[in-house]
Amino acid sequence: MGTPRSVDWLPAAARRRSRVRDQRGPMFRPVSARPDFVAQEHALLREWAERKTFARLRAQNAGNARWSFLDGPITANNPMGVHHAWGRTYKDLYQRFHAMLGEDQRFQNGFDCQGLWVEVNVEKALGFTSKRDIEAFGIAEFVRLCKQRVLTYAARQTEQSIRLGYWMDWNDPAELLRLRDLMDQDPQQTATIQGVDGPVTDTVEMLVGRLGMPEVGGSYFTFSNENNDLIWGFLAECHRRGWVYRGHDTMPWCPRCGTGLSQMEMNEGYADREDPGLTVRLPLVDRPGEALLVWTTTPWTLAANVAAAVGEDLVYVKVRQGDDVYWLAKGTLRQALRGPFTVLEEAPGRALEGWRYTGPYDDLPAVRTAFGDAGYEHRVVLWDEVGDEEGTGIVHIAPGCGAEDYQLGKSAGLPIFGPIDEDGRYYEGFGWLAGKDAPEVAEEVVDDLEQRGFFYHLEPYAHRYPHCWRCGTPLLFRLVDEWYISMGEVYDQPRETLTREQVDASLRYQIMEVVDQIQWFPAFGHGREIDWLLNMRDWMISKKRYYGLALPIFDCPACGTFDVVGGREELRQRAVEGWEQLEGQTPHRPYVDAVKIACPGCGRPVSRIADVGNPWLDAGIVPFSTMHYREDPEFWSRWFPADFVSESFPGQFRNWFYSMLAMSTVLRRERPFKSLFGYATLYGEDGRPMHKSWGNAIEFDEAAERMGVDVMRWMYASARPEDNILFGWHAADEARRGLLVLWNVYAFFVTYARLAGWTPASGAPAAADRTPLDRWILSRAAGTAAAVEARLREYDAEAATRLLSAFIDDLSTWYLRLSRRRMSRSSGAERDGAFATLHQALVALARMVAPILPFLSESMYANLVAAVDATAPDSVHLSGWPAGELAPLRDEALEDAMALARRAVDLSRTVRGQAGLKVRQPLARLWLALPGREVGELDALLGVVRAEANVKDVVQIGDESELVDRGVKVLLPRVGKRLGAKIPSVMAAAREGRFEIHDDGTVAIAGETLAADEVEVQATPRPGTAVAHDDGLVVVIDTTLTPELRAEGDARELQRAVQDLRKEAELELDDRIELWVDGLDASVRTFLPPVLADTLVDAAHFGAPAAGLPTAPVRLDSGEVVIALRRAGA
RNA sequence: GGGGGAGUAGCUCAAUCGGUUAGAGCUGCGGGCUUAUAUCCCGCCGGUUCCAGGUUCGAGUCCUGGCUCCCCUACCA
């Protein structure tokens, strides 16, 4: 350390400027005022890798108090998007923050690896359109491709995350890709990878299954052996308690994916859709010439019609239309009937019960069989769910095609049959429909019904309809067997009235008790989760697919017994055949399918059901599987429960949060995490979801390389988590502007410290002996560090960034603005105090922003500290959180006073504006009345005001002055309750000055006496010009301009013009010059010496400039002059 | 249908226990400061705080009803 490093991102011009004088040791390296943040980020990534900075951070904190973050797995199925970067910014910044607090952490990233997400993409890549394609292709091969896809994108996302600056225990992406490629050759070949404590050798298949395990390290992968195995244990535990069951039901079904969807999955995919709204006439068997009118939006289900349902108490009418007579609900007459009609008769729904009618497809063999077997005919049934808002008030019931229909069918004892197979095609037995795609037949069905006299009316109907959340296919409802975990009874009584026994008997209430022990950010998360738990149905865990958790359910067709195997070892012991096929394989299909166990009921060999598991099982087990619940219980108990989890909340209350809560409650009946932080959704800048074809989408890589990840991270950290964030280039520009202010303060410091040859080794007065302004900014740094720490401990990065922005603003626009001259034009203790203070403030700031801006802060710190101090940590991320060190510098009274001085200066500018006096024009006097409050450091503050307001004298005036009146500010929060209705009169009197202030501080006003602490006596301006006031602060300026003041103003104007010209001539900051001034009034000359000194003039000529020099006219109060300059000695 | 959240300047958002003159930023206009700045400062323009009632001395804030949007949830053929 200590040797300035190369800075290849620095523009050549900046490097040329690096002339250093008076160097007594290592010096800051030069800094560009126009940094290339992106190049800098890449350089720092290389440095961190070379210096193993992250590894050293982990070592530094090892064994300390722990902070346990548990990563929610990202789906390793595609490159990561900018919305992932939002969440990963939070995850990284809180981990970095806690690392700076010295806390030990695991730093384990997670990848979600199993399930339909991956399958669908692999299918697409192979051009498959149905499950039959997969079966023909081979399940083993297909599953292998799925794993390879996961490895591909895990590597990709790892690279992208590293680019984001996300510090985690990452796998080497190249190693992941190597494993992927080895799988391609032969999964059973032996390979070696670098593990935590040395090389790990195994078959490629098993190495992949061991990723994330203690000996291998790196990210966890939910397809790992351990993850799958622990889920088996969880399911076996559920079974032990009798909660696992097989349900026979009509389920939402995706005909493309060939699988049922759980309730939570169905919720993902509701979308607007237009379906045929078909009204059908069903002739009544016992009432010739009359027909029921029923309405449906799913014509394909008519072939499975079993009954027509009416509301018991709804009013139905018989109407005549031409030669036809129809029955329908009275309330639907207008919407359902076309053309004129005559009402013949009215009857309640219950009168229709039992009426037999002719079904639309009674002649199909499947229907005849189903009806014949049950000895059933189509008839009208009662159902209390029937309404008359839509349709005809007579509901077509197909128990094999709808969940509600199914329930009704079961309770009414109707025949139940499903017409379609896994792919959504009609079974044999449905005549001309057999083999046709159910969603496609609407038109043919309509034609057919029309020909056969069943058709009444057709009109498109728009509604929200569930779609497959993965592939977007509209769902069908299909009669299937699926596996469930019972979530327990819902009691019809408030939670707080439940008995212990009731809670112990119902899992959902046990989960709620766990939810109560968790801190939710934002707080409404608690209510959302409880709400979900109250409303959720049993958890459907099966999926008729190929790649995923192999459900360890062994269901005996012979005797009907099923059992759940609790782990690979148990399976090995119980296996009666096929174990050798699973040996050496991860517990995936098809190998696991080969294993049979002896049926506990009848002893016959029984196979595993073919289904795979719901992927949220995979993610929900991670508080156990990734913390070595089984193989290292001591380790687990140290890290469980996690202190913190964080995820985008849309969906997760019923997905990841829920599955973790459910599994932890079953296994431990305790909370899996202590705090949960959720955030909303990322949209494009136009407020719409990012969409490639809308032109508002931004890829992560593009964002990283164009705006830089620090800028991105700053945007994310400062966003309101509960609101959707609008992400785009303009927002990035705004964020970058804020960071550039910070950068430029830093660049200023380095520039002038180099010119002065100042480094921390040069020394400076003790902090307590510095100017009030110095002590003020140090106090602000201390206060900011404490406040930022408090906010970050509460997972409030938004407030933290606001505090940091305010500090940056103070540092730039107040401290630096007022201190510039001390650094550029003074010397000795005055100068050194300024450098030391600014240096201290910048270093403190770098450490405070380090969790949010890891690159920018590192770059500053490397130069401000590491480059000049060999004893300091060489990375800002190893430097610890600064709040403790800064705390002694806090001086709140001084901060209050400075706020007042700033406001006074603002007011002076307001007054100047009104009076048309620019700030460069010095004024003789400024009168200042302060609020009645205690003000510390008065003299120093008046000095600040004098300098900034550019006045010769600041005179503090009290309320006895003729410039102001005494005013009374009634402190309403104190007196409001006491005075009540008298307030308006008191306030009016205060406004109009009708009051009397007594010597003891009490105030008589509008017949009331107010105590001294109920009012604030303030100055208020007397009417006049050049006065501005704000909350008891009054500023009055003397607008009289003497000839001397005018001349001095001219001198200042001239100085500015010379500086402009210097800049135009592109002179270095320390170039000395020769100056020409032509036409200058004699009165101004008196004030010239400081101007010449400030502008580094060696020789001044009064007269026409030397030929060939560029000149500039300057308008002065005393007349126009012309100036020119050149570098001295040039 | 049920539950929750929100509605404030053209846009994005503030506003402490209810406190009297509702503030910032962005945008626009005018002016100013400045060899750190791609900044910054002052001023102007911009408001029926969704609507209607109510409580209160006083309502953006609390209550009631309605409207709109978002989220969660739900068995509408």
Side-chain angles (χ1 to χ4, degrees), chain A residues 31 33-34 263 267 277 294-298 301 308-309 383 385-387 389-398 401-408 461 463 522 524 527-528 531-532 534-536 649-651 653-654 680-681 687 720 722-724 726 730-731 733-734 736-738 740-752 802 809 812-814 816-817 820 823-824 905-914 916-920 948 950 970-977 979-987 991 1028 1056 1058-1069 1095:
Chain A
V31 169
R34 300 198 173 186
Q263 181 195 359
N267 283 325
V294 303
W295 181 70
T296 182
T297 57
T298 49
T301 64
W383 190 27
E385 296 297 327
V386 177
E389 299 82 33
E390 275 179 322
T392 61
I394 304 178
V395 180
H396 148 63
I397 299 293
C401 304
E404 311 76 52
D405 303 40
Y406 178 82
Q407 292 305 327
L408 177 65
Y461 177 73
H463 59 157
F524 66 73
R528 279 245 189 122
D531 190 51
W532 163 255
L534 268 175
N535 288 302
M536 69 181 177
F649 47 59
F653 290 102
R654 61 172 184 271
T681 306
R720 287 193 67 204
E722 58 265 61
D723 284 348
N724 298 327
L726 306 185
H730 292 100
D733 286 341
E734 214 176 299
R736 183 183 296 99
R737 275 207 296 277
L740 278 172
V741 173
L742 162 61
W743 184 267
N744 280 311
V745 176
Y746 160 62
F748 174 94
F749 168 80
V750 169
T751 303
Y752 282 93
R802 250 204 308 260
D809 190 62
S812 169
T813 66
W814 195 246
L816 186 60
R817 177 184 168 80
R820 261 186 317 207
M823 290 181 244
S824 64
V905 171
D906 284 351
L907 290 176
S908 81
R909 296 203 180 113
T910 306
V911 185
R912 276 178 178 272
Q914 289 163 4
L917 293 165
K918 35 184 163 185
V919 179
R920 263 196 304 280
E948 266 309 278
N950 194 20
V970 181
L971 300 176
L972 267 171
R974 296 221 181 132
V975 299
K977 280 234 165 68
L979 293 185
K982 294 169 189 131
I983 284 185
S985 60
V986 170
M987 298 306 288
R991 259 195 305 276
R1056 192 193 58 79
V1058 174
Q1059 300 287 32
D1060 270 358
L1061 203 55
R1062 282 187 66 115
K1063 202 170 191 173
E1064 234 171 83
E1066 294 183 338
L1067 298 184
E1068 300 293 342
L1069 291 177
T1095 53

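Lettering follows sequence order; numbering is per chain, from 1.
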If you only use heavy atoms from C-beta on, which nucleotide in [options] is closest to the side chain of [X]?
X: Val395(A); options: A77(B), U37(B), C75(B); answer: A77(B)
X: His396(A); options: G19(B), A77(B), U73(B); answer: A77(B)
X: Val919(A); options: U73(B), C33(B), U34(B); answer: C33(B)
X: Arg737(A); options: A38(B), A77(B), C57(B); answer: A38(B)
X: Arg34(A); options: A38(B), A77(B), C26(B); answer: A38(B)
X: Asp906(A); options: C41(B), C33(B), U73(B); answer: C41(B)
X: Leu740(A); options: C72(B), A38(B), A77(B); answer: A38(B)
X: Thr813(A); options: U39(B), A77(B), C40(B); answer: C40(B)
X: Asn744(A); options: U73(B), C71(B), U37(B); answer: U37(B)
X: Arg817(A); options: U34(B), A14(B), C33(B); answer: C33(B)

Inter-nucleotide [atom1] distance ([N], [M]), Å rounded:
N: C69(B); M: G31(B); atom1: C1'; value: 41 Å
N: A52(B); M: C45(B); atom1: P; value: 26 Å
N: A22(B); M: U48(B); atom1: P; value: 13 Å
N: C11(B); M: C51(B); atom1: C1'; value: 23 Å
N: U21(B); M: G5(B); atom1: P; value: 31 Å
N: U49(B); M: A24(B); atom1: C1'; value: 16 Å
N: G10(B); M: G46(B); atom1: C1'; value: 8 Å
N: C40(B); M: G25(B); atom1: P; value: 9 Å

key: Test: Arg737(A) and Asp733(A) ion pair at under 4.0 Å   =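 Here Arg737(A) does not pair with Asp733(A) in a salt bridge, since their nearest N and O are not under 4.0 Å apart.
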
Partner nucleotide, any strand, of [N] [Watson-Crick/G-U, under 3.5 Å]:
N: G1(B); answer: U73(B)
N: G30(B); answer: C42(B)
N: C57(B); answer: G19(B)
N: U48(B); answer: none
N: U68(B); answer: A6(B)

Which part of the nucleic acid does [X] contact within heavy-atom distance under 4.0 Å: base, sugar-phosphate only, or nothing?
X: Val905(A); result: nothing
X: Gly527(A); result: nothing
X: Gly913(A); result: nothing

request  = With syn defined as a glycosidic angle within 90° of 0 and anti as everything else, classify C17(B).
outcome  =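 C17(B): syn glycosidic orientation.
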
Does [X] make a side-chain N or O approach to OP1 or OP2 of [N] shorter than 4.0 Å?
X: Tyr746(A); N: A36(B); result: no
X: Arg528(A); N: C71(B); result: no
X: Lys1063(A); N: A36(B); result: no
X: Thr910(A); N: G43(B); result: yes
X: Arg720(A); N: U12(B); result: no
X: Arg912(A); N: C42(B); result: no
X: Arg820(A); N: U34(B); result: no

Without decimals, in angstroms, what is the distance between [X] [atom1] and [N] [atom2]?
X: Lys977(A); N: U56(B); atom1: NZ; atom2: P; result: 15 Å
X: Trp743(A); N: U37(B); atom1: CH2; atom2: P; result: 15 Å
X: Trp814(A); N: A36(B); atom1: CH2; atom2: P; result: 17 Å
X: Arg802(A); N: G25(B); atom1: CZ; atom2: P; result: 14 Å
X: Glu722(A); N: G4(B); atom1: CD; atom2: P; result: 18 Å
X: Asp809(A); N: U39(B); atom1: CG; atom2: P; result: 14 Å
X: Lys918(A); N: G31(B); atom1: NZ; atom2: P; result: 12 Å
X: Phe653(A); N: C72(B); atom1: CZ; atom2: C1'; result: 9 Å

Decide yes or no for [X] and [Y]: does some side-chain heavy atom of the first lie under 4.5 Å from some side-chain heavy atom of the second?
X: Val31(A); Y: Phe749(A); value: no
X: Trp743(A); Y: Arg736(A); value: no
X: Trp295(A); Y: Thr297(A); value: yes
X: Asp1060(A); Y: Lys1063(A); value: no
X: Phe748(A); Y: Arg820(A); value: yes

inquiry  = Donor-acceptor check, side chain of Asn744(A) to backbone of Leu740(A), threshold 3.5 angstrom: yes or no?
reply    =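 At least one qualifying donor-acceptor pair exists.
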
query = Where is the tightest heavy-atom contact between Val919(A) and Arg912(A), given as atom of each residue plus distance?
reply =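 Heavy atoms of Val919(A) and Arg912(A) come nearest at CA-NH1, 3.5 Å.
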
inquiry  = Aromatic contact between Phe649(A) and Phe524(A), with the criterion being ring centroids under 6.0 Å apart: yes or no?
reply    =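 Ring centres of Phe524(A) and Phe649(A) closer than 6.0 Å.
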
message = So for Ser812(A) and A36(B), does any side-chain atom that can act as donor or acceptor lie under 3.5 Å from a complementary atom in the base?
response =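 A donor-acceptor contact between them is present.
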
inquiry  = On RNA chain B, compare the nucleotides closest to Arg654(A) and Leu816(A); which residue's is nearer the 5' end?
reply    = Leu816(A)

request  = Let me know, please, whether Leu979(A) or Arg1056(A) comes out on the 5' side of the other along RNA chain B by nearest nucleotide.
outcome  = Arg1056(A)

